[in-house]
Number of protein chains: 2
Amino acid sequence: MIITPKNPNETNREYAFRVISDNIISLDIVPGSMIGEQEVASELGLSRTPVHEALLELSKSKIVDILPQKGCLVSMIDPDLIREARFLRITVETALVEDSCELAKETDLQDLEENLQLQEFYLQKDPLKLLTLDNDFHKIIYRICNKMQCHYMVSLMSMHFDRVRSLSLHSVKDLKIVSDHRAIFEAIKKKDPAAARAAFQKHMARFELDWNIISSEYKQYISDSNK
Amino acid sequence: MIITPKNPNETNREYAFRVISDNIISLDIVPGSMIGEQEVASELGLSRTPVHEALLELSKSKIVDILPQKGCLVSMIDPDLIREARFLRITVETALVEDSCELAKETDLQDLEENLQLQEFYLQKDPLKLLTLDNDFHKIIYRICNKMQCHYMVSLMSMHFDRVRSLSLHSVKDLKIVSDHRAIFEAIKKKDPAAARAAFQKHMARFELDWNIISSEYKQYISDSNK
DNA sequence: GCGTCGGCACTTGTATGGAAGTTAAAAATC
DNA sequence: GATTTTTAACTTCCATACAAGTGCCGACGC
């Protein structure tokens, strides 16, 4: 597991949650492996309590599965849950990009544009940074519509999705996400809901295509019941 | 706080979560009041740990607000969060009722019909039972579409909404929800997505109208920043 | 050799005490 | 009397200890 330093203003529980999440999404903790509270606590220099609470939260999105008196299983890649995460994101964010056309203020458009600039800068340089910027882009949309609580709920489930996306980041295709984002941005700027909707759905459709590649290439990580 | 007996196969944490949730939704714990872990733990005959973990989970949906070293504040009724909950439910479930037209099997239709029978039976008899059946009806839709994880996420946020709905249950208008449900059911049965969508949106639109009544009548429970 | 039982090593769930921080009232000072 | 400082009583957060359940592994009977 990759340990990052503790942010001074986060609690031990939040620290544990962040580190474990990052390691699961980056696949540094491999799907299907067991992790113990004590083991994680020792690595992070904490007691079991905050780690226990962090795992509890992760288990709510089924990204880990707590088996009482047995251990904590990092979930295998589960196509059903990925479909749910995709469904939720597409459904919610399609509605949001439409609403954004009305709601986006000038400063909001600036925030989106700044994010896009950075995306174009880091394109093909730093895939991990690009992933972060991608998430930020979508998050700004939620902020424009004043739906941050929805963002939290959706992002929890998206972990299933993010884990697969990081697998496919090496694929050249995914670099098209940046131009997708620009198309979405332009539509919002022009206050054209139909165009925004179309651009967003085109964006999300890419991940449908990738599924076949991923499932054949990373078979060992995929839940047995769905092969 | 109203204490219900502990279900034998639930953990202490799940027990605490259930009892606290129920009391918040039913307004037996009034919005804006502070509750302490120790206080709740004593009432339930538990230690602070499972109560702490239950409150932690509730704080994720902002239904309570944990103020470190101060206490746990049961959130005031917050129109913004209710709007988010409504938005999420409407957006997600509109998509689901459409999909249900394709996906619903014969047994699923039977489940829906049985639920409707019970709704009609308890109509004007037991408002609380009706609320449960209403939630069950929507839950069946999620199950038909194999989106139970989405259901969990949406239902967490819906607590804000449910709390207001219980206020308006005495209003005669709400008894129309049963006929709304039947209309949705009939549309799914006829595999008519457009009709299902229309019926569902009509259903959810009722709660928009109720808002004015509620906000004027229960002013004391509403968050100051939104009056 | 095979099946069963018992105990040990391990896990998570929970209880409890102390640490750190906030609040508000009491006490001291002006 | 008004204002500032201290202090005491509260809270959650976290560390630690114990309780309870699971599975493995060897011993034993057949």
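What you are looking at is a predicted structure, and each value in this text was computed from that prediction instead of being measured.
- Atom CG of L46(A) is separated from atom P of dT16(D) by 11 Å (rounded to the nearest Å).
- Within residues 48-56 of chain A, the residues having any heavy atom under 4.0 Å from DNA chain C are, by residue number, R48(A), H52(A).
- Note: CD (E14(A)) to C1' (dT12(D)) measures 13 Å, nearest angstrom.
- R163(B) and S158(B) are not linked by any side-chain donor-acceptor pair at a separation below 3.5 angstrom, with hydrogens and angles left out of the test.
- Side chain to side chain, H52(A) and E53(B) meet the donor-acceptor criterion of an N or O pair below 3.5 Å.
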Polar pairs (N or O, both sides) under 3.5 Å between protein and nucleotides 20-23 of chain D?
from: dG21(D); atom 1: N2; to: Q69(A); atom 2: O; distance (Å): 3.3
from: dG23(D); atom 1: OP1; to: K70(A); atom 2: NZ; distance (Å): 3.3

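- In this structure, the NZ atom of K6(B) is 10 Å from the C1' atom of dT14(C), given to the nearest Å.
- The distance between atom CG of N12(B) and atom P of dA19(D), rounded to the nearest whole Å, is 16 Å.
- Here the C1' atom of nucleotide dC10(D) and the CG atom of L67(B) are 14 Å apart, to the nearest Å.
- In this entry the distance linking CG of L44(B) with P of dA15(C) reads 11 Å, nearest Å.
- Regarding E10(B), its CD atom lies at a distance of 11 Å from the P atom of dT14(C), rounded to whole Å.
- A cation-pi arrangement is present between K125(B) and F121(B) under the rule of less than 6.0 angstrom and at most 45 degrees off the ring axis.
- Checked by atom type, the side-chain pair S100(A)/R143(A) shows no donor-acceptor distance below 3.5 Å.
- The listed nucleotides are dA15(D), dT14(C), dT12(C); the one nearest the side chain of E37(A) is dT12(C).
- One finds the CD atom of E106(A) at 10.5 Å from the CG atom of D111(A) (value rounded to the nearest 0.5 Å).
- In this structure, CE of M34(B) is placed 10 Å from C1' of dT23(C), rounded to the nearest angstrom.
- Judged by distance alone, the side chains of R18(B) and T4(B) do bring a donor and an acceptor atom under 3.5 Å apart.
- Contact check on E84(A) versus K147(B) returns no salt bridge, with no Lys/Arg side-chain nitrogen under 4.0 Å from an Asp/Glu carboxylate oxygen.
- Judged purely by distance below 3.5 Å, without hydrogens or angles, the side chains of R165(B) and N135(B) pair a donor atom with an acceptor atom.
- The aromatic rings of H138(A) and H181(A) stand perpendicular to each other, their planes meeting at an angle above 60°, with 30° marking the opposite boundary.
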